[in-house]
Protein chains: 2
Amino acid sequence: MNKMHKEHNLSKNQQIIFDIINKSPEPLKAYTILFNVQKKGIKAPLQVYRALDKLVEIGKIHKIESRNAFIACHNSSCQVAKATAFSICEICEKVTEISSAGLSKYLANFKDKDGMKYSKYNLEFFGLCKKCR
Amino acid sequence: MNKMHKEHNLSKNQQIIFDIINKSPEPLKAYTILFNVQKKGIKAPLQVYRALDKLVEIGKIHKIESRNAFIACHNSSCQVAKATAFSICEICEKVTEISSAGLSKYLANFKDKDGMKYSKYNLEFFGLCKKCR
DNA sequence: AACGCTGTGTAATAATATAACATTAATAAG
DNA sequence: CTTATTAATGTTATATTATTACACAGCGTT
């Protein structure tokens, strides 16, 4: 089983929850998702959180830490679940995933005072989006 | 006394809570703080959260978003609570504030695809600290 | 069949954070 | 000094976010 890219066949719950996040124009919170999937038989928070955990792990979605919300990855299947950057509008709360080769290169190579490099990072920029300015 | 910037005279509750965070070698969570200050007459979560909000606002402490925990600012350059960077050890959970002129300059000047600059950012690096490697 | 692994279902509860309202302290303006 | 205004406090209740614990089902491997 030597595949370059392991295909993650999503399970039923994972697929349901991914679809909802993927279709949403804005980050969704866990309990918002729960509310939206109760008609599909997912009744308990844990069912949602388990799917979210897995989806984050495999890079299909990202968690916006400052908002406790989840957004689908649109970076052509972020093999970089480990290197995420977002811009967040402080008025309308619009969140956009930043994909900048320069930025990711800079951060991936960043070394601290002790020369230590890091395996993972999350960056959140805040400001006002075009509309809100 | 060297006053480069406006002194914020902390209120009673703010001072109590800042002292605890400032003395702690590790980030503290709101309810950990609450338990630790109940002997000093602070009884309710809201009293803690209000002090935390204020302390974050004036840059005396920072919130580690991925951990829901608070750490004192030891970086003379970030009286601005607007540009924060941390390294987090995924094993021992040690958190260190990064102060790198290069990094902060790079991020402060970062423009996205639309040429937009941001007023604020928070960056969290993850990896293993020296001890844990 | 027995095992290990992943996923599911359910109930209960823990942990994190805010709303609403009343009061008091500190500061600024007349 | 007095009043207006803002900042901080105290208290109760509640909202929001997330996990623990336990039972079981499906599937591929041994």
Side-chain angles (χ1 to χ4, degrees), chain A residues 1-3 6-21 24 26-71 88 90 93 95 122 124, chain B residues 6-21 24 26-71 81 93 95 122 124:
Chain A
M1 284 270 200
N2 274 344
K3 287 188 179 179
K6 198 172 189 176
E7 272 307 322
H8 286 281
N9 295 313
L10 300 183
S11 74
K12 175 172 142 277
N13 287 359
Q14 289 160 13
Q15 188 68 56
I16 289 169
I17 285 167
F18 174 71
D19 287 345
I20 287 184
I21 296 171
S24 172
E26 64 194 4
L28 294 179
K29 296 183 160 238
Y31 277 73
T32 304
I33 294 167
L34 175 58
F35 182 77
N36 280 297
V37 295
Q38 286 186 323
K39 53 196 167 224
K40 298 195 175 168
I42 296 177
K43 295 171 189 165
L46 190 48
Q47 295 174 286
V48 173
Y49 280 105
R50 283 195 285 223
L52 290 173
D53 286 349
K54 186 66 180 183
L55 291 168
V56 166
E57 183 192 327
I58 65 181
K60 299 281 286 181
I61 65 173
H62 303 304
K63 182 173 187 180
I64 310 301
E65 292 287 356
S66 65
R67 299 298 186 261
N68 298 316
F70 299 85
I71 193 177
I88 303 171
E90 289 182 300
E93 292 290 327
V95 174
N122 179 59
E124 297 179 8
Chain B
K6 187 173 183 178
E7 274 303 324
H8 285 280
N9 294 315
L10 300 182
S11 73
K12 176 172 141 279
N13 288 359
Q14 289 160 12
Q15 188 68 57
I16 289 169
I17 285 168
F18 174 71
D19 286 344
I20 287 184
I21 296 171
S24 172
E26 63 195 3
L28 294 179
K29 295 178 161 247
Y31 277 72
T32 304
I33 293 167
L34 177 58
F35 293 139
N36 279 297
V37 295
Q38 287 188 322
K39 53 194 169 227
K40 297 194 175 168
I42 296 177
K43 293 171 191 164
L46 193 46
Q47 294 175 287
V48 174
Y49 281 104
R50 283 196 285 225
L52 290 173
D53 286 350
K54 186 68 179 182
L55 291 168
V56 166
E57 183 192 326
I58 64 181
K60 299 281 285 181
I61 65 174
H62 302 303
K63 182 173 187 179
I64 310 301
E65 292 286 357
S66 65
R67 299 298 186 262
N68 297 317
F70 299 85
I71 192 177
E93 292 290 326
V95 173
N122 179 58
E124 297 180 8

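Just so you know, these numbers use all the heavy atoms, side chains as well, and skip hydrogens, waters and symmetry mates.
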Whole angstroms only, please: what is the [atom1]-[atom2] distance between [X] and [N]?
X: L28(B); N: dT16(C); atom1: CG; atom2: C1'; answer: 15 Å
X: N13(A); N: dT6(C); atom1: CG; atom2: P; answer: 17 Å
X: N9(A); N: dC27(D); atom1: CG; atom2: C1'; answer: 14 Å
X: Q15(A); N: dG7(C); atom1: CD; atom2: P; answer: 13 Å
X: L52(B); N: dT9(D); atom1: CG; atom2: C1'; answer: 15 Å
X: Q14(B); N: dA25(C); atom1: CD; atom2: P; answer: 16 Å
X: L10(B); N: dA26(C); atom1: CG; atom2: C1'; answer: 15 Å
X: I33(B); N: dT16(C); atom1: CD1; atom2: P; answer: 11 Å

Establish, with yes or no, whether the OP1 or OP2 oxygen of [N] is under 4.0 angstrom from a side-chain nitrogen or oxygen of [X].
X: K54(A); N: dC5(C); value: no
X: S11(A); N: dT8(C); value: yes
X: K12(A); N: dT6(C); value: no

What's the shortest heavy-atom distance between [X] and [Y], and which atoms?
X: A51(B); Y: I17(B); value: CB-CD1, 3.6 Å
X: V48(B); Y: A30(B); value: CG1-O, 3.7 Å
X: L28(A); Y: I33(A); value: CB-CG1, 3.8 Å
X: L10(A); Y: K60(A); value: CD1-CE, 4.3 Å
X: L55(B); Y: Q14(B); value: CD1-O, 3.8 Å
X: V56(A); Y: K63(A); value: CG2-N, 4.5 Å

- Task: Sugar-phosphate atoms are those with a prime plus P, OP1 and OP2; base atoms are the rest. Using that split, label each nucleotide of nucleotides 11-19 of chain D B, S or - for protein heavy atoms under 4.0 Å, 5' to 3'.
- Result: BB----BBB
- Message: For the helix from dA1(C)-dT30(D) to dG30(C)-dC1(D), what angle separates the axis at the start from the axis at the finish, each from five pairs, in steps of 10°?
- Response: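 Inter-axis angle at the termini of the helix from dA1(C)-dT30(D) to dG30(C)-dC1(D): 30°.
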- Query: Quick one: CD1 on I42(B) to CD1 on I20(B), what's the gap to the nearest 0.5 Å?
  - Reply: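 Output value for this atom pair is 7.5 Å.
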- Task: Nearest 0.5 Å please: distance from the CG atom of L52(B) over to the CG atom of L34(B).
- Result: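 It comes to 10.0 Å.
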- Query: Between the side chains of E124(A) and N122(A), does any donor sit under 3.5 Å from an acceptor?
  - Reply: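 Their side chains do contain a donor-acceptor pair, which is all the 3.5 Å distance test asks for.
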